Amino acid sequence: MKIEILGTGCAKCEELASNAKKAAENLGLEYEMVKVTSLKEIMDRGVMMTPGLVINGEVKLTGKLASVDEIEKIMSAG
């Protein structure tokens, strides 16, 4: 699973990355995490509010700090 965190490195972006890592580990998933900090690259994906969560190339959340439980549900849904 490829997890991408879209954001400029703000506190919410860092917390989203931490929550996504915990969620993947709780589910026993193998994952690669990438932090995308380029505003151009973030906007090219259609994301106008950060933080953003991308799973396997699909934008799942924008402008929201999701909890570990919420991210686990997203990851489990495929």
Side-chain angles (χ1 to χ4, degrees):
M1 174 176 286
K2 183 172 183 180
I3 302 168
E4 296 173 88
I5 305 298
L6 310 181
T8 57
C10 66
K12 285 186 179 181
C13 300
E14 294 299 323
E15 192 169 346
L16 181 62
S18 175
N19 289 354
K21 180 180 180 207
K22 286 178 193 168
E25 290 172 355
N26 288 350
L27 294 171
L29 301 173
E30 288 187 29
Y31 67 93
E32 170 193 5
M33 182 174 288
V34 177
K35 293 182 181 177
V36 178
T37 58
S38 162
L39 285 176
K40 180 177 180 346
E41 191 174 339
I42 292 168
M43 291 189 333
D44 285 349
R45 293 172 184 231
V47 174
M48 299 299 157
M49 293 180 63
T50 59
L53 176 67
V54 178
I55 306 287
N56 294 328
E58 188 177 331
V59 177
K60 297 292 188 176
L61 283 174
T62 64
K64 180 179 181 214
L65 174 57
S67 70
V68 174
D69 287 342
E70 289 172 308
I71 298 170
E72 284 178 11
K73 287 176 186 161
I74 290 168
M75 290 176 173
S76 295

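What you are looking at is a predicted structure, and each value in this text was computed from that prediction instead of being measured. Every heavy atom of this structure was used, including side-chain atoms; hydrogens, water molecules and symmetry mates were not.
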Residue pair [X] / [Y], side-chain heavy-atom distance below 4.5 Å:
X     : Y     : value
Ile3  : Val34 : no
Lys12 : Lys64 : no
Leu6  : Pro51 : no
Met1  : Glu32 : no
Tyr31 : Met75 : no
Leu16 : Ile71 : yes
Ile42 : Val36 : yes

Show the numbers, then the answer: is there a salt bridge (charged side-chain N to carboxylate O under 4.0 Å, His left out) between Asp69 and Lys73? CA-CA 6 Å; Asp69 287 342; Lys73 287 176 186 161; over 6 Å; no

Using a strict cut-off of less than 4.0 Å between a Lys/Arg side-chain nitrogen and an Asp/Glu carboxylate oxygen, indicate whether Glu14 and Lys35 qualify as a salt bridge.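 Looking at Lys35 together with Glu14, the answer is yes, because their closest N to O distance falls below 4.0 Å.
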
Taking the hydrophobic residues Ile, Leu, Val, Met, Phe, Trp and Tyr, and joining any pair whose side-chain heavy atoms are under 4.5 Å apart, which ones share a cluster with Met48? Met43

ILVMFWY network linking Leu61 to Ile55, side-chain heavy atoms under 4.5 angstrom: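 As far as the 4.5 Å side-chain criterion goes, Ile55 and Leu61 are connected within one cluster.
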
Is it possible for you to say whether Met49 and Leu53 belong to one hydrophobic cluster, with membership spreading through side-chain heavy-atom contacts below 4.5 Å?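 They do not share one cluster, since no chain of ILVMFWY contacts under 4.5 Å joins Met49 to Leu53.
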
Nearest 0.5 Å, what's the [atom1]-[atom2] distance between [X] and [Y]?
X     : Y     : atom1 : atom2 : result
Leu39 : Asp44 : CG    : CG    : 10.5 Å
Asn19 : Ser67 : CG    : OG    : 7.0 Å
Glu15 : Ile5  : CD    : CD1   : 11.5 Å

Determine whether more than 12 heavy atoms belonging to other residues, nucleotides or ligands lie under 6.0 Å from atom CE of Met33.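 Correct, the count exceeds 12.
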
Which heavy atom in Cys13 sits nearest to a heavy atom in Thr8, and how many Å separate them?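 Looking at all heavy atoms of both residues, the shortest contact is SG-N, 3.9 Å.
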
Which pairs count as salt bridge (charged side-chain N to carboxylate O under 4.0 Å, His left out) when at least one residue sits in residues 45-56, sequence neighbours excluded?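 For residues 45-56: Glu4-Arg45, Glu41-Arg45.
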
